[in-house]
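In what follows, a structure is listed as structure tokens, so that the remarks can point back to it.
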Protein chains: 2
Amino acid sequence: MTDPTAPGPLAATAALMADPARARMLAALMSGEALTAGELARIAGVTAATASGHLARMADGGLLAVHAQGRHRYHRLASEEVAAAIETLGGLAARIAPARAWTHGEAAREARLCWNHLAGRLGVALHARLVAEGWLTPAPGGWDATAEGRARLAATGVAIGEAERSPRFAAHRCIARDCMDWSERRPHLAGGLGREIARAWLGRGWLRRLPAVGEGDLLARRRIAVTPEGARGLRESLGLATA
Amino acid sequence: MTDPTAPGPLAATAALMADPARARMLAALMSGEALTAGELARIAGVTAATASGHLARMADGGLLAVHAQGRHRYHRLASEEVAAAIETLGGLAARIAPARAWTHGEAAREARLCWNHLAGRLGVALHARLVAEGWLTPAPGGWDATAEGRARLAATGVAIGEAERSPRFAAHRCIARDCMDWSERRPHLAGGLGREIARAWLGRGWLRRLPAVGEGDLLARRRIAVTPEGARGLRESLGLATA
DNA sequence: CCGAGGCTTCGGCCCCGGGCGAAGCGCCGG
DNA sequence: CCGGCGCTTCGCCCGGGGCCGAAGCCTCGG
């Protein structure tokens, strides 16, 4: 006989995201970076004591992975699944509450990071372009890249070999998957390939990070823009026009 | 200046799912059916008064759509996005808490309904088969069906025309989309086509609904099985082997 | 027109859990 | 070896909200 008042796993997980302070921490961690407990306390707007409790709960619940280093404790999202769940819920929330439409600035709608890959109009346009040119081909649960696609992307500095280091690629040749973009309502590219694309283009200066727009910016560390060299490179290498 | 203690949209939406009684109601509504307030109260294990409050909150938050009919008020999930968010969060929860692995019975792992489409090993096998045969072709954000695919599915009684009645099809010829299966960890078919497939096969007796396994069964109304005729039909029409 | 039944609203109870300050623990630097 | 700093634990307060019973509203059926 199970306790009928026991919170199901769904309720328990949702409860971990249901607190404003915890939600602010999770939003900050959507940048993909690992942040210290102190940084997260400041972001969430609570004292270190309160933040410590929140972080312990989320780590215990499997949402966060913790890495101790010296007297700092670095926290990051535990897995891509966690990031996907947060993104899905966030998108649902944005759709449900269009009260004040889009409070994050037009630039963030143009390009931003989602977890560790590109989102916004740029991410969606990239996804559409890769599919339209036949550079991506369906694989179970996502996409594989064709030889032509691999060559094109490698020419932009993307480490295809790194993108293939995942159990999903080993099992099903699935190098990328879709992630629903909550500002564009169309998919952008996630998974190993999405991660490597963002890493490569940030690394070669095609994309640059933008500063947060204020205290407690929910998109802090996720704001990016295409540089002039990036616009030229994307046009010449992939035929991708940017705004 | 915005109130820093205000619950962000993410936290507010998560909070709506974070209560055990509400989570049980949402799980029951994942069958895709519309249920009355009284039924949901019994499922959630609370009195009508309590349930009424919960339902009002969820409807106000955009999670539920309400339809008054006589002295009954029917509640259903407001959109496919809501169902997807619940499914994602539920899958995350199942992955996070593998304490007692799979408490829902082996039959539910073989075949079940997810929202209004097929899930479990059957749903995943169908998805893989349609893709492998080239009967589905990528469309922005999901899949379109090829002429051969349409013919094959129409032969099994699927109303392709109904599946095309969606803004996503009108805009991008996207007749179906992926939905991550939380027991198989591979995608099954959702969207208009997924809905019509489930409807058709249940209608012609290829699939039948199974009774709930007890009071408060979280998969109640979602348990299904392939009938002998269904197994034969799936093999002959689609070359799909079932267990 | 009246009683029954489904549902909501109201009022009150109670507990969960988020907030803080203070104290304790561990790692680093001097 | 000691002081500083990051982080956690402890003890306490307090408010939100989940729960129920009773009462009220509305619809249906006779």
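Chain naming here is simple, since letters A, B, ... match the order of the sequence lines and numbering starts at 1 in each. Values below: every heavy atom of this structure, side chains too, minus hydrogens, waters and symmetry copies.
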Minimum side-chain heavy-atom gap B/Leu63-B/Leu77 below 4.5 Å: no
Side-chain (A/Arg22) to main-chain (A/Leu16) donor-acceptor, under 3.5 angstrom: yes
For atom CG of A/Asp60 and atom C1' of C/dG17, their distance in whole Å: 16 Å
A/Arg73 CZ to C/dC28 P: how many Å, rounded? 14 Å
Taking CG from B/Asp19 and P from C/dC15, how many angstroms apart are they, rounded to a whole number? 17 Å
With a 4.0 Å cut-off, would you call B/Arg177 and B/Glu80 a salt bridge? yes
For A/Ile224 and A/Leu210: C-alpha separation, side-chain torsions, deciding distance, then whether side-chain contact (heavy atoms from CB on, under 4.5 Å) applies. CA-CA 5 Å; A/Ile224 57 173; A/Leu210 298 178; 5.5 Å; no
Could you pull out all residues at least two apart from B/His117 that satisfy ring pair (Phe, Tyr, Trp, His ring centres under 6.0 Å)? B/His188
Please check if the side chain of A/Arg24 supplies one atom and the backbone of A/Ala44 the other of a donor-acceptor pair under 3.5 Å. yes
Just to verify, what does A/Glu229 make a salt bridge (charged side-chain N to carboxylate O under 4.0 Å, His left out) with, not counting sequence neighbours? none
Specify the residue among A/Arg71 and A/Ala15 whose closest nucleotide of DNA chain C lies further upstream toward the 5′ end. A/Ala15
Any donor-acceptor N/O pair, A/Thr36 side chain to A/Tyr74 backbone, under 3.5 Å: no
Could you give the NE2-to-C1' distance, from B/His75 to C/dT8, as a whole number of Å? 11 Å
Among residues 46-58 of chain B, which ones have heavy-atom contacts with DNA chain D below 4.0 Å? B/Val46, B/Thr47, B/Ala49, B/Thr50, B/His54, B/Arg57
Rounded to the nearest 0.5 angstrom, the CZ-CE distance for B/Arg42 and B/Met25 is 11.5 Å
To the nearest angstrom, the OH-P distance between B/Tyr74 and C/dC7 comes to 9 Å
Taking only side-chain nitrogens and oxygens of B/His72, does any of them come within less than 4.0 Å of OP1 or OP2 of C/dC7? yes
Let me know the distance between CD of B/Glu39 and P of C/dG6, rounded to the nearest Å. 11 Å
Inter-axis angle, terminal five-pair segments of the helix from C/dC1-D/dG30 to C/dG30-D/dC1 [nearest 10°]: 30°
For A/Thr36 and B/Gly45, find the nucleotide of DNA chain D closest to each by heavy atoms; which residue's nucleotide sits nearer the 5' end? A/Thr36
Donor-acceptor pair, side chain of A/Thr88 and main chain of A/Ala84, under 3.5 angstrom: yes
Distance in angstrom units between B/Met25 CE and C/dC7 C1', rounded: 13 Å
DNA chain D: 5'-most and 3'-most nucleotides touching chain A, 4.0 angstrom heavy-atom criterion: D/dG4 to D/dT9
Those residues at least two apart in sequence (or on a different chain) that pass salt bridge (charged side-chain N to carboxylate O under 4.0 Å, His left out) with B/Arg57 are none
